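These notes are about the structure you will find just below.
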There are 2 protein chains.
Amino acid sequence: MYNQEALVNRLHARGIRVTPQRAMILRAVEAMPGHVTAEELYAAVQAESPYVNLATVYRTLDLLKSLDLITDADMGTGATHYALRSHADHHHAICRACRHSVEFPDHLLSGLIHDLHTGYGFEAEANHIVVFGLCAACAKIEELHSSPA
Amino acid sequence: MYNQEALVNRLHARGIRVTPQRAMILRAVEAMPGHVTAEELYAAVQAESPYVNLATVYRTLDLLKSLDLITDADMGTGATHYALRSHADHHHAICRACRHSVEFPDHLLSGLIHDLHTGYGFEAEANHIVVFGLCAACAKIEELHSSPA
DNA sequence: TTGCAAATGCGAATGATTTGCAGCAAATTG
DNA sequence: CAATTTGCTGCAAATCATTCGCATTTGCAA
Ligand SMILES: [Mn+2]
Ligand SMILES: [Mn+2]
Ligand SMILES: [Zn+2]
Ligand SMILES: [Zn+2]
């Protein structure tokens, strides 16, 4: 867990300009609980200053992504969800029927990541990924639908 | 490996209408090598008959997906890639830098799938998935960029 | 046949993300 | 410093895959 101004400091450290817009966006990212869409961040930042553009939010998110300070994930809602790297000590299993999400720990992926690395030299960037499928409850329901004989 | 009319027969068997459009689209799906976008299928079908609409291609793909006869995957190109279920005995590791794709066998996911099932009752639908990251070559290049000291 | 649910074509709409560009601000240079 | 280059921003327009509304057919069963 790092302090509130961590992202700002990191950008400074790498010699990247920290404009007022960026500072606001970074603070908004850090203040967000869990995953956020660009639109949600935009709303949060607008509350502080109405003169920040959505395009700038996207551009800043791209920047943070390229610096590996945030993760992005498609949670199946249409919009990309962003989160701090420090958030991502887990992954998500999302039910395609009821949309419920189960968090599962990082180590469940360690086997796959290891195999990809030793087998193919591939460095998987599986920081905060999403696996789709059916939750226990919805799986039961689908079962009834397919074999009611 | 099943015969050319397999999909048509399967739809018949389930009492689903097989219109000329659907038949053409199904045959195009079966004739395609590997993964295809809706647009590519559309082009293939148009070559046979110009009066098939792109919306119908999408609707038919939805149908096939709901019947679990095809898989869909985001290969990072913007458009969804569809493939026959019979194609999907593997998955892909795609390099975010050079875009190269490595196929890896299904069993590398078996641990994860098993753990999700026993641990959470979650039935992962990981038939033809994509893991992003860096291939061996591009990983070396990134290494130089970050630690040239 | 007749009737109705399902399927299609067409064009318009959607909605997240990107881009072109002109104005500004910060950094760099001599 | 003043001049010049470089990077960042707002704004509006563009992209582009996918979906929708709706009027028109089609398939199949009574
Ligand atoms: Mn999460
Ligand atoms: Mn494949
Ligand atoms: Zn569910
Ligand atoms: Zn590569």
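Below, chain A is the first sequence line, B the second, and so on; all start at residue 1. Since we're looking at a predicted model, the values are computed, not measured.
- Residue Gln46(A) contributes atom CD, which lies 14 Å from atom C1' of dT9(D) at whole-angstrom precision.
- Considering only the side chain of Gln21(B), dG9(C) comes nearest among dA7(C), dG9(C), dG10(D).
- Take the nearest nucleotide of DNA chain D for Pro50(A) and for Leu63(A): the residue whose nucleotide is more 5' is Leu63(A).
- For the residue pair His35(A) / His128(A), a side-chain donor-acceptor distance below 3.5 Å is found, with atom types taken as modelled.
- The distance from atom CZ of Arg59(A) to atom CG of Leu54(A), rounded to the nearest 0.5 Å, is 10.0 Å.
- Side-chain proximity of Thr19(A) to the nucleotides dC8(D), dT18(D), dA6(C) is greatest for dC8(D).
- Taking atom CD of Glu39(B) as the reference point, atom C1' of dT19(D) lies 14 Å away to the nearest angstrom.
- Applying the 4.0 Å criterion to OP1 and OP2 of dT18(C), one finds that Tyr58(A) has every side-chain N and O outside that range.
- Rounded to whole Å, atom C1' of dA16(C) lies 14 Å from atom OH of Tyr42(A).
- To the nearest angstrom, C1' of dA7(C) lies 14 Å from CG of Asp62(B).
- Side-chain atoms of Val52(A) lie closest to dG10(D) of the nucleotides dG10(D), dA17(D), dT17(C).
- Nearest nucleotide to the Arg59(B) side chain, out of dT17(C), dG21(D), dT6(D): dG21(D).
- To the nearest angstrom, P of dC16(D) lies 17 Å from CG of Asp74(B).
- Of the side-chain N and O atoms in Thr56(A), none sit less than 4.0 angstrom from OP1 or OP2 of dT9(D).
- Using a 4.0 Å cut-off between a side-chain N of Lys or Arg and a carboxylate O of Asp or Glu, Arg96(A) and Glu142(A) qualify as a salt bridge.
- Under the 3.5 Å distance criterion, the side-chain polar atoms of His91(A) are matched with a main-chain donor or acceptor of Ile129(A).
- The side chain of Ala79(A) sits closest to dT17(C) out of dT17(C), dT9(D), dT18(C).
- Atom CG of Leu61(B) and atom C1' of dT8(C) are 15 Å apart (whole Å).
- Not one N or O on the side chain of Glu123(A) forms a donor-acceptor pair closer than 3.5 Å with the backbone of Cys135(B).
- Of the candidates dT17(C), dT18(C), dA5(C), dA5(C) carries the atom nearest the Arg17(B) side chain, counting heavy atoms from C-beta on.
- One can place CG of Leu54(B) at 11 Å from P of dG9(C), the figure rounded to the nearest angstrom.
- With DNA chain D read from its 5' end, the first of the two nearest nucleotides for Ala55(B) and Gly78(B) is the one closest to Gly78(B).
- Atom pair Asn53(A):CG and dT19(C):P shows a separation of 15 Å (rounding to whole Å applied).
- Backbone-only engagement by Thr80(A) is indicated by non-hydrogen atom pairs under 4.0 Å involving sugar-phosphate atoms exclusively.
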